[in-house]
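Read the numbers this way: they start at 1 and go in the same order the structure lists the ligands and their atoms.
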Amino acid sequence: MAEAPVVRLEKDGDIGVIIVNYPPVNALGPGVADGIIECLNKANGDPSIKAMVLMGDGRSFIAGADIRGFGTGRKRPPLGERTYDVMDRSPKPVVAAIHGYALGGGLENAMGCHYRIAVESAKVGLPEVLIGILPGGGGTQRLPRLAGPQVALDMIVSGRHVPAPEALKLGILDEVIPDSANLRQAAVAKARAVADIRPLPRVRDRDCKADPAIFDAMRKSIARRARNQKAPYHCILAVEAACTLPFDEGMKREQELFQELENADEAKALRYAFFAEREVAKLPDLPPGIVPYDFRKPAVIGAGTMGGGIAMSFADFGYDVRIMDASTEALNRGMERIRNNYATSVKRGSLAQDEMERRLARIHPVAGYDGIEDCDVVVEAVFERMDVKKPVFARLDEVVNKDAFLFSNTSALDMDELAAVTKRPEKVAGTHFFSPANVMKLLEVVRPKKASPETLVTAMAMGKKIGKISAMAGNTDGFVANRSRAPFNSEMVILLEEGCLPEQVDKVMVDFGYPMGPFAVGDLAGLDIGAEGRKRRAAADPNYRKLPIADKLVEMGRYGQKTGAGWYRYEKGDRTPHPDPEVAAIIRQVAAEMGVPQRSFTDQEILRRLLFSSVNEACKILEEGKAYRTSDVDVMWLHGFGFPRYRGGLFYWADGIGVREVYNQIANWHQQYGDRWRPSALLRQLAESGTPFRDAKPAPFA
Ligand code: 3H9
């Protein structure tokens with residue numbers, strides 16, 4: 001049987017309907033652009049057709065160029081012979097009919113059409129910058145002409161998806177119809193209504209003028225977050241060209257700038273991150289076809305900082321959620337904190353007041369277990385101690401509907417042990433949120449031995465439904481994210497013993513691309529929190545490497561920002577960290593007591609000491625079968641710890657150095673420092689066989 005064409009032309013009376021069918025999202029894969037051109041030519045050559053509609057089958061209009069094709073030397077038609085050029089020359093009007101997504105090349109094609117109509121739930125955008133490139137199909141030249149240079153700059157530099165009603169206001173769309181309406185019918189009617197209008201309205205013919213100051217203002221505003229990156233600045237240059245050059249010259253400039261980016265390291269790393277984020281959702285050892293339970297009645301137990309943030313995440317994504325605490329005071333305090341968090345977003349302008357009220361109204365405080373019996377998914381977020389969590393779980397098991405899933409927001413505790421206090425261990429899993437839970441994207445789903453496949457896919461899907469990126473982790477102390485990060489946390493303090501200062505380490509990591517240095521982050525989170533974890537580990541492991549400098553600061557009451565002093569000192573009411581001579585003196589004193597000789601460090605040594613220690617630990621996690629893939633660890637580092645996205649992730653970055661070099665360095669440090677640097681067996685094996693981390697085969701999930 002012949003394969004269905006990826007683009008087909010149907011006739012709806014006197015209107016030609018061009019339909020793209022390239023599942024799952026109608027990316028512009030092989031044959032799609034050619035197919036559109038062929039159908040346009042056919043329709044233009046058919047005297048019985050007066051106008052055309054361009055639309056997509058399935059979930060979306062067109063989600064953009066096929067990202068898998070980038071960097072593969074794929075051939076593109078020259079300027080002047082692309083889909084939108086054919087539309088520009090078309091003697092008959094073309095109406096884009098948009099549902100789902102019109103992103104990147106999708107929106108660029110829609111802007112090549114003469115009219116654009118969309119359903120209310122559709123989203124449009126030029127997200128190319130998020131994969132390290134710029135819109136290379138005329139987007140940087142047409143969007144400023146359609147929506148104005150300032151709007152175009154904002155959209156192209158941020159890459160954000162714009163909902164259809166907003167796109168209508170911005171002039172990107174001509175018409176928005178309700179979701180319940182028939183899009184094809186409406187688009188065909190529109191095409192018929194405009195069939196005789198001449199001259200045809202072409203976006204390329206519009207004027208484009210801007211105050212030149214907006215470009216420098218944009219460069220300034222992104223200076224911090226776009227550090228070390230090229231794509232956001234190239235996006236600005238391209239929009240600038242739209243405002244200073246004739247259309248065809250602007251297209252040439254866009255093309256040159258695009259070519260400078262496509263194969264740069266930044267774009268390669270960001271493409272890798274894009275696909276790693278999709279891969280992480282796949283659970284290859286579960287039977288196929290398991291459908292996640294479509295929960296409707298979530299509850300969060302514990303109205304502390306984490307519980308409140310988790311409840312907000314549900315409310316932010318449209319769920320009515322109950323939040324329960326044993327004490328009314330704690331519940332009131334929790335609701336107050338939630339209200340304040342939302343109010344801060346309103347003050348910053350990132351949330352509208354009426355939206356804040358809608359979200360707050362979805363969070364229902366409940367004092368006591370009676371109000372949660374009928375819930376279908378419960379996320380427990382009480383104090384992080386087994387003796388506190390166990391009775392809560394036992395009680396939940398008694399009280400809550402027998403079919404409900406019981407999830408625990410723990411960052412390190414043994415989920416098998418916790419599941420064992422219930423009579424439904426198959427319905428128990430860990431859901432480790434990162435702080436602040438309503439902001440951080442990572443959700444680590446922790447897999448206890450008895451959890452059923454349905455429980456695991458439901459926990460993973462729950463994350464996606466509330467805007468998180470879910471990643472599966474084995475039940476090991478610290479799970480995958482925190483366990484792989486733990487050696488970094490130790491190493492940064494050990495570096496101080498040997499002669500570094502917190503500000504020096506922080507500078508190296510900020511230069512590398514982290515938004516904040518790890519010591520400044522420690523002060524923000526509170527140094528007392530880490531001290532608790534160290535005590536627990538030291539009690540469990542006689543060989544645990546103590547961190548006397550960190551312990552000393554905590555002993556002195558230097559808990560970080562909240563006490564005005566930690567690794568840094570802080571002025572009252574100001575969060576700026578200032579290097580503190582007192583800390584330098586403590587470091588010297590403790591190092592002298594320990595008898596550690598002082599020396600100086602290069603930036604590279606600091607960076608590698610921190611990150612290689614984590615690479616080694618992450619390899620141990622993989623060889624124990626506690627994670628599926630190296631790329632899952634990368635996703636966790638991107639979304640749990642703010643690892644710079646344009647560096648791909650921990651393992652992607654390490655592959656850039658080379659597995660042999662990483663291994664040799666770790667083996668050297670093993671000789672020098674002893675057991676904490678013992679190379680992982682998997683790492684040694686990869687180094688010996690010259691296999692990059694991305695091709696590592698972890699042990700089956702245990
Ligand atoms: C561009 O357009 C450049 C132009 O300016 C000029 C060019 C010269 N390509 O995310 P999902 C796959 S750059 C290839 O889970 P959702 C994805 O890998 C592009 N594959 O679904 C996954 O595959 P699998 C600008 C793609 O509903 C499957 O589709 N556009 C592409 O959660 C489902 O994806 C973008 O950057 C693609 N473009 O979200 C948009 N898109 O099942 C990128 C998706 O094998 N895409 N796939 O794992 C997205 O943001 C989301 O996929 C979208 C749907 C919002 C569309």
Side-chain angles (χ1 to χ4, degrees), residues 6 20 22-30 32-34 36 56 58-79 81-85 98-112 121-143 152 155-156 158-163 231 234-235 238-239 251 254-263 267 270-284 288 317 441 460-461 463-470 629 631-632 635 645:
V6 290
V20 177
Y22 191 77
V25 292
N26 291 333
L28 296 163
V32 176
D34 288 347
I36 295 174
R59 281 158 53 177
S60 258
F61 176 70
I62 296 171
D66 186 347
I67 300 173
R68 289 183 202 277
F70 287 122
T72 59
R74 88 215 133 87
K75 290 251 173 326
R76 290 182 75 192
L79 283 174
E81 289 176 33
R82 298 179 180 173
T83 46
Y84 29 86
D85 301 311
I98 301 170
H99 77 295
Y101 293 96
L103 299 176
L107 180 57
E108 290 175 311
N109 272 296
M111 290 191 294
S121 59
K123 294 206 167 113
V124 306
L126 294 174
E128 284 86 344
V129 71
L130 304 177
I131 51 168
I133 53 172
L134 53 76
T140 65
Q141 305 305 298
R142 283 193 176 83
L143 190 59
M155 278 178 66
I156 294 171
S158 71
R160 81 182 173 99
H161 297 177
V162 177
H234 270 40
C235 287
V239 176
M251 288 295 286
E254 176 190 272
Q255 190 66 18
E256 284 161 15
L257 292 165
F258 181 89
Q259 276 163 0
E260 284 174 26
L261 296 175
E262 181 178 349
N263 288 315
L270 289 167
R271 286 200 287 272
Y272 165 86
F274 175 84
F275 288 114
E277 284 164 357
R278 268 111 202 122
E279 199 62 17
V280 73
K282 296 173 186 153
L283 311 179
F317 283 81
K441 294 277 273 180
M460 295 286 287
K464 184 158 187 189
K465 285 176 184 164
I466 58 174
K468 307 294 177 203
I469 295 192
S470 309
R629 322 165 179 91
S631 61
D632 287 7
V635 170
R645 191 177 169 79

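Checked for salt-bridge contact, D85 and R82 miss the test: no charged N lies under 4.0 Å from a carboxylate O. Salt-bridge check for R271 with E262: failed, with every basic side-chain N at 4.0 Å or more from each acidic carboxylate O.
Remark: distances from the non-hydrogen atoms of P24 to ligand 1 include one below 4.0 Å. Proximity of K123 to ligand 1 is not established, as no heavy-atom distance is less than 4.0 Å. Ligand 1 lies within reach of R76, whose nearest heavy atom is under 4.0 Å from it.
In this structure, E128 contributes its side chain and F258 its backbone to no donor-acceptor pair below 3.5 Å. The backbone N or O of G467 lies less than 3.5 Å from a partner atom in the side chain of K441, making a donor-acceptor pair.
Under 4.0 angstrom from ligand 1, there are no non-hydrogen atoms of L126. Contacts between D66 and ligand 1, counted as non-hydrogen atom pairs separated by less than 4.0 Å, involve both the backbone and the side chain.
Ligand 1 has an N or O atom lying under 3.5 Å from an N or O atom of I67, backbone or side chain. At under 3.5 Å, a nitrogen or oxygen of A63, whether backbone or side chain, sits near a nitrogen or oxygen of ligand 1. Below 3.5 Å of separation, one finds no N or O of P135 facing any N or O of ligand 1. Considering backbone and side-chain N/O of G105, one or more are found under 3.5 Å from N/O of ligand 1. At a 3.5 angstrom cut-off on N or O pairs, K464 counts as close to ligand 1.
For atom 48 (O) of ligand 1, the nearest protein heavy atom (residue, atom name, distance) is K282 NZ, 2.7 Å. Distance from atom 26 (C) of ligand 1 to its nearest protein heavy atom, with residue and atom name: V25 CG2, 4.2 Å. Looking only at heavy atoms of the protein, atom 21 (O) of ligand 1 is closest to R59 NH2, 3.1 Å.
Summarising the geometry, atom CG belonging to N109 is positioned 5.0 Å from atom CD1 belonging to I62; distances are rounded to the nearest 0.5 Å. Of the inter-residue distances, the one linking I98 atom CD1 with S121 atom OG reads 11.5 Å to the nearest 0.5 angstrom. Taking CD from Q255 and CD from Q259, the interatomic distance works out to 5.0 Å, rounded to the nearest 0.5 Å. With rounding to the nearest 0.5 angstrom, the CG atom of L134 is 6.0 Å from the CD atom of E254.
Counting only non-hydrogen atoms, the option in A65, A27, G64 that gets closest to atom 38 (N) of ligand 1 is A65. Nearest-residue assignment for atom 22 (C) of ligand 1 (options R278, E279, E128; heavy-atom criterion): R278. Taking only non-hydrogen atoms, the option from F274, Y101, Y22, F275 nearest to atom 49 (C) of ligand 1 is F274.
Numbered from 1 in the order shown, with element, the atoms of ligand 1 that lie under 4.0 Å from a heavy atom of R68 read 18 (O), 45 (O). For ligand 1, the atoms closer than 4.0 angstrom to any heavy atom of P127 are 30 (N), 35 (C), 36 (O). Near E108, the atoms of ligand 1 lying under 4.0 angstrom from a non-hydrogen atom of the residue are 4 (C), 5 (O), 6 (C). Atom numbering of ligand 1 starts at 1 in the shown order; those under 4.0 Å from a heavy atom of I131 are 13 (S). Residue-ligand proximity, G104 to ligand 1, at heavy-atom distances under 4.0 Å covers atoms 2 (O), 25 (C).
Of all heavy-atom pairs spanning V129 and L270, the tightest one is O-CD1, 4.2 Å. Residues I156 and G139 approach most closely at CD1-O, 4.0 Å, considering heavy atoms.
Side-chain contact check for S60 and N26: no donor-acceptor pair (N or O, by modelled atom type) lies under 3.5 Å. A donor atom on one side chain and an acceptor atom on the other are not found under 3.5 Å apart for S631 and E279.
The aromatic rings of Y101 and H161 sit perpendicular to each other, their planes meeting at more than 60°, with 30° as the lower class boundary.
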